[in-house]
Amino acid sequence: MIRSAAWRSHSCGDLRAENVGQEVTLCGWVDNRRNHGAVHFVDVRDRYGITQLVVDDEAATSAAEQMSGLHQEDVVQVKGTVRMRIEGQRNADRITGDIEVVVDSVKVLSASATLPFEIADHIDVPEDTRLKYRYLDMRRSPLQRALQLRSKANNAIRNSLCDQEFIEVETPMLTKSTPEGARDYLVPSRMRPGCWFALPQSPQIFKQLCMVGGLDRYFQIARCMRDEDLRADRQPEFTQLDLEMSFVDEEDVYAAVEALMQNVYQAVHDVELAIPFERLPYNDAIALYASDKPDLRNPLTIVDVVDVAGDLDFVVFNNVLESNGWVRAIRVPGGASLSRKQIDNVERLAKESGAGGAAWCKIGAEGPTGPLSRFLKSDAGQAFLNRIEAVEGDLIFTIADTPRRAQVALDVVRRESASAMNMVGEDDRIVWITEFPLFEQNDDGSFHPAHHPFTCPVAEDLPLLRNGQKEGIRSRAYDLVLNGVELGSGSIRIHDKDLQNEIFDAIGIPPEVAQERFEFLLRAFNYGAPPHAGFAIGLDRLYSIMFDAESIRDVIAFPKTATSACPLTAAPSVVDIQQLDELGIKQVIETEQEVKS
RNA sequence: GGGGAAGUGGCGCAAUUGGUUAGCGCACAAGCCUGUCGAGCUUGGGGUUGCGGGUUCAAGUCCCGUCUUCCUCGCCA
């Protein structure tokens, strides 16, 4: 409820039958007008609701004149008296629909020009127009709802973490460039010409320093910047819930995140999220789902048939087996009911993903039919079918390729065939993917570190690492995955200087480079660093899923376009040559204006 | 950086094979109307078809270039 204030006695969503007879003052925007001559309605709207104003023969004649002069989206202050609407004319769709306000006077506080688009939910407006006039888009209920929910959810996060003894710390926006990883946004230093700040890609190092500083538990709802190309679910600046904890292992981090997620779901959906979340080691996720972010609403799983595929006399399988590739199958229960067109579509998408193809067969009453079936007539074929536990009515896909390509194709086949079968569950499924590999393989066979260099390896795998092995080394890194979307990731950090240097060495960062880039962190580790671990959740992405938004932009107040531009402010823009002079910067690219002149 | 789609009054769309003065709905303006709530009815104003060039008797339509937006691959340790 809006309390009385200098400008208004109630909000536009406050008034009910019990207010009948009261003299009230409302402020808001002129929404919809319906003028019937002798009776004239105007809706006035604010964040809280819509209230119907009316003038008729019971109203002052001056009020009728003032009402007639109103335009859409004028900001008005209205004085009047609450009365019941006449029987049969109540509006059940509106919280204030039982009453109306008979107007004594209307004062226009700020008139509106003709609008670029109507402020109505049913009007479809192109997104760049909505972004250019974001403040008008904001008056409509979808964005109102998203921003209100976002605020509520942020509040739920803060409450949960503060309850768990976390301290909110603001880390710097002007910081040091660390060239590996995403491209930095750079800010020139006027005081030290030739030197540059970077905007943070994440508060990673600062939060670790907070642990060395003895804060024990840190969090921040932090803005992060990355100068990379965009996607529907990616923005150049985005908001991350960042946290770090001392003297903990994985389970402590999971518990802290689970508690806060529970609070967020409570606040947004008013449901009790089941905890603990499922845990799935990375290797199992790849084996069962061919993905490190599997959508567990999809019941299909993958079967490794490498041990039975060799006897099928299928040259494609044999070639792949010879080069140590993957031969794996997906059994789609009931999939035999799919049309040839639907199956061809799955096969086509698998091919487009880069794999050689997806050989398939249906299991009919008479046995297998379809392209793969001719390799299944033998005893070996029966062994294959037994291996994947095929029964009548099933559809079987097989993928054979290099591990990397097979993985992508299996993921596609799993997703596409489940969606064709309509077998993806409704309920949100959240899962921890644990023990990520420390290194990922490049296309040329070499390895690069899969995470930032402060990620702790699994102790058992250390001897292998010291032997120079890269493949199969596990790290104590974990991701949180919701319905096949990666929400966030974290890890147990290295707190030992010697181990840290070992890792720098293993991932190919020479000591002098490590020293130059991370000197401040390494120095801190000299003075007693506690064992620590942390996590970060991409809040824009989480909220776009939770609020059922089409794009990440729909849950951000002032988002950027796909080219990282802001249609509202027209940023980025050309600056004065004087500004550049002060910064000691000489521009070599011709600007638009210079090209024109 | 690569690929795809789109761009026509403020907004959503239409315009046949290249052929009349580029239409329609909403919004906007004026008027009528005593119960509407996405009110209704009448009348009216509003367009260099993103921009530049070309082909043609004739271009919204075809060609070339360019800009903007969206999606996507690369990229995002």
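Proteins get letters first, then strands, A, B, ... in listed order; numbering begins at 1 in each.
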Output the single nucleotide from U72(B), C33(B), C26(B) whose closest atom is nearest the side chain of R231(A). U72(B)
Between U69(B), G35(B), C11(B), which one does the side chain of P126(A) approach most closely? C11(B)
Rounded to the nearest angstrom, tell me the gap between atom CD in E127(A) and atom P in G12(B). 13 Å
Closest to the side chain of A182(A), out of C28(B), C37(B), A77(B), is A77(B)
Any donor-acceptor pair under 3.5 Å between the side chain of R83(A) and the base of G35(B)? yes
Say you pick atom P in U16(B) and the same atom in A22(B); how far apart are they, in whole Å? 14 Å
Please determine if a side-chain N or O atom of T563(A) lies less than 4.0 Å away from the OP1 or OP2 oxygen of U69(B). yes
Considering every strand and a 4.0 Å limit on heavy-atom distances, what is the contact class for D31(A): base, sugar-phosphate, or nothing? nothing
Please check if any side-chain donor atom of R476(A) sits under 3.5 Å from a side-chain acceptor atom of H451(A), or the reverse. no
Are the side chains of K79(A) and V106(A) in touch, meaning some heavy atoms are under 4.5 Å apart? no
Donor-acceptor pair present, R33(A) side chain and U36(B) base, under 3.5 Å: no
RNA chain B contacts among residues 54-61 of chain A, heavy-atom distance under 4.0 Å: D56(A), D57(A)
Between C26(B) (P) and E118(A) (CD): distance, integer Å: 10 Å
U36(B) phosphate, OP1 or OP2: any side-chain N/O from Q89(A) under 4.0 angstrom? yes
Starting the side chain at C-beta, find the nucleotide from C26(B), C70(B), G35(B) nearest to I86(A). G35(B)
Answer yes or no: side-chain N or O of R553(A) and base N or O of C70(B) forming a donor-acceptor pair under 3.5 Å. no
When the P atoms of G25(B) and G19(B) are considered, how many whole Å apart are they? 24 Å
